[in-house]
Amino acid sequence: MELRIDKLLAHMGYGTRKEVKKLLKSGAVKVDGAPVRDAKTKVRPDEQIVTVWGETVEYKPFIYLMMNKPSGVVSATEDAVEETVVDLLEEEDRAFSPFPVGRLDKDTEGLLLLTNDGQLAHQLLSPKKHVPKTYFAVVDGEVTEADVAAFRRGVVLDDGYETKPAKLVVLKSGLRSDVEVTITEGKFHQVKRMFQAVGKRVVYLKRMQMGPLALDPDLAVGEYRELTDEEVDMLKQYRPEMNEKKGT
């Protein structure tokens with residue numbers, strides 16, 4: 001796999017792209033012993049030796065990205081017709097072959113994790129794990145305490161499936177209501193179908209949180225960034241069953 005030297009060093013924690021460019025200009029970076037000053041230089045980190053001030057850069061093969069997914073884009077690595085979330089990534093990030101962890105509907109916005117770490121993805125997606133996902137929704141119709149109670153019990157979807165208990169918080173109730181919904185499973189169009197089950201229609205949906213990872217409020221729709229080391233560690237150590245035992 002070929003990567004631009006500035007992307008590699010930024011990915012490995014040597015600073016922002018701007019800071020990495022300064023580092024390159026200083027002559028501190030060498031590839032196989034030869035100084036590299038051009039940020040666009042392509043390297044093969046799994047084959048070549050990259051050093052900074054004489055210290056070898058230990059290449060990590062995984063990438064973890066948080067995206068504020070826009071509406072109109074599908075959660076897939078490729079599609080013959082539609083634009084995908086992977087299409088929104090820079091070429092250097094696509095080189096890691098990341099994939100979306102779970103799916104957001106085409107018209108749903110918000111938090112989407114992309115990674116090439118299959119083990120972490122499985123940990124977050126396994127039905128046995130019951131990883132909670134929280135959504136903000138705008139709903140046509142007045143959401144009532146009866147709806148809150150129904151969600152708490154679990155509702156029967158149009159195909160006869162009875163959902164696991166969900167937490168519904170009414171932020172604003174009226175002809176059009178603002179709510180937060182937390183579910184621990186991921187059935188097709190689940191939040192929309194749950195509201196259909198109580199006679200209401202979701203007109204806007206945005207995922208705000210997945211497990212311990214919350215959407216960065218500074219990320220504009222369509223933007224993404226790499227997770228911090230702390231966020232990656234938090235996801236890897238997360239055990240939702242522990243929270244259930246604590247009653248959270």
Side-chain angles (χ1 to χ4, degrees), residues 1-4 6-14 16-17 20 45-46 59-127 129-136 182-191 205-238 240:
M1 175 173 50
E2 278 194 340
L3 289 174
R4 275 177 48 152
D6 60 343
K7 175 62 185 175
L8 170 67
L9 294 176
H11 174 63
M12 298 308 300
Y14 284 90
T16 63
R17 292 285 187 95
V20 166
D46 48 346
Y59 173 61
K60 295 178 186 176
F62 294 125
I63 190 170
Y64 305 91
L65 304 172
M66 175 195 295
M67 177 181 287
N68 187 352
K69 177 193 168 297
S71 177
V73 179
V74 297
S75 300
T77 54
E78 56 184 343
D79 190 284
V81 179
E82 306 283 359
E83 184 179 31
T84 74
V85 290
V86 172
D87 292 332
L88 300 180
L89 303 180
E90 293 181 21
E91 182 183 347
E92 292 83 4
D93 295 319
R94 288 200 301 271
F96 284 89
S97 300
F99 53 87
V101 178
R103 290 177 178 268
L104 286 182
D105 299 340
K106 181 180 174 182
D107 60 352
T108 299
E109 296 181 0
L111 175 65
L112 186 65
L113 174 65
L114 296 103
T115 184
N116 56 355
D117 185 341
Q119 185 175 350
L120 178 64
H122 174 74
Q123 186 177 315
L124 293 172
L125 293 176
S126 172
K129 299 291 185 181
H130 307 305
V131 174
K133 294 168 281 287
T134 300
Y135 297 80
F136 169 78
T182 302
I183 60 176
T184 57
E185 49 191 344
K187 299 298 178 183
F188 183 67
H189 292 322
Q190 182 168 337
V191 173
L205 191 61
K206 181 171 189 172
R207 184 157 67 190
M208 305 302 296
Q209 189 157 343
M210 182 178 187
L213 186 67
L215 179 64
D216 187 335
D218 292 332
L219 274 184
V221 174
E223 288 185 344
Y224 71 94
R225 66 163 173 81
E226 290 198 39
L227 295 192
T228 64
D229 289 342
E230 290 76 17
E231 287 170 332
V232 173
D233 289 342
M234 183 171 64
L235 283 174
K236 288 183 175 180
Q237 294 167 14
Y238 179 63

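Fair warning: this is a prediction, and the values are worked out from it, not measured in the lab. Below, each value reflects all heavy atoms present in this structure, side chains not excepted, and no hydrogens, waters or symmetry copies.
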Is the closest side-chain heavy-atom distance between [X] and [Y] below 4.5 Å?
| X | Y | value |
| --- | --- | --- |
| Leu3 | Tyr59 | yes |
| Leu235 | Leu227 | yes |
| Leu120 | Tyr64 | yes |
| Asn68 | Glu223 | no |
| Phe96 | Leu114 | no |

- Verdict with reasoning, Gln123 to Val131, per side-chain contact (heavy atoms from CB on, under 4.5 Å): CA-CA 9 Å; Gln123 186 177 315; Val131 174; over 6 Å; no

- Item | Partner of Met66 by side chain to side chain contact (heavy atoms under 4.5 Å, CB included), out of Thr115, Leu219, Leu112 |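 By the side chain to side chain contact (heavy atoms under 4.5 Å, CB included) criterion, Met66 pairs with just one of Thr115, Leu219, Leu112: Leu219.
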
Can you name the closest pair of heavy atoms from [X] and [Y] and give their distance?
| X | Y | answer |
| --- | --- | --- |
| Pro100 | Ala76 | CG-N, 3.9 Å |
| Gly211 | Tyr238 | CA-CE2, 3.8 Å |
| Pro212 | Met234 | O-CE, 3.5 Å |
| Ser71 | Glu109 | N-CG, 3.7 Å |
| Val85 | Val73 | N-CG1, 3.4 Å |
| Arg94 | Val86 | CD-O, 3.3 Å |

- Item | Ion pair check, Arg225 and Glu231, cut-off under 4.0 Å |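 The answer is yes: the pair qualifies as a salt bridge.
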
- Item | Carboxylate-amine/guanidinium proximity below 4.0 Å for Lys60 and Glu226 |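 Glu226 and Lys60: not salt-bridged.
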
Is it the case that the side chain of [X] and the backbone of [Y] share a donor-acceptor pair, with hydrogens and angles ignored and the cut-off at 3.5 Å?
| X | Y | value |
| --- | --- | --- |
| Ser75 | Leu104 | yes |
| Asn116 | Pro61 | yes |
| Asp105 | Asp107 | no |

Working to the nearest 0.5 angstrom, can you tell me the gap between [X] [atom1] and [Y] [atom2]?
| X | Y | atom1 | atom2 | answer |
| --- | --- | --- | --- | --- |
| Leu213 | Leu111 | CG | CG | 5.0 Å |
| Phe99 | Leu113 | CZ | CG | 9.0 Å |
| Leu9 | Arg17 | CG | CZ | 10.0 Å |
| Asp87 | Glu78 | CG | CD | 9.5 Å |
| Gln119 | Leu124 | CD | CG | 11.0 Å |

- Item | Residues Thr77, Thr84; criterion side-chain contact (heavy atoms from CB on, under 4.5 Å); working and verdict | CA-CA 6 Å; Thr77 54; Thr84 74; over 6 Å; no

- Message: Between Lys69 and Lys206, does the side-chain contact (heavy atoms from CB on, under 4.5 Å) criterion hold? Intermediate values first, please.
- Response: CA-CA 9 Å; Lys69 177 193 168 297; Lys206 181 171 189 172; over 6 Å; no

- Residues Tyr135, Gln190; criterion side-chain contact (heavy atoms from CB on, under 4.5 Å); working and verdict: CA-CA 11 Å; Tyr135 297 80; Gln190 182 168 337; over 6 Å; no

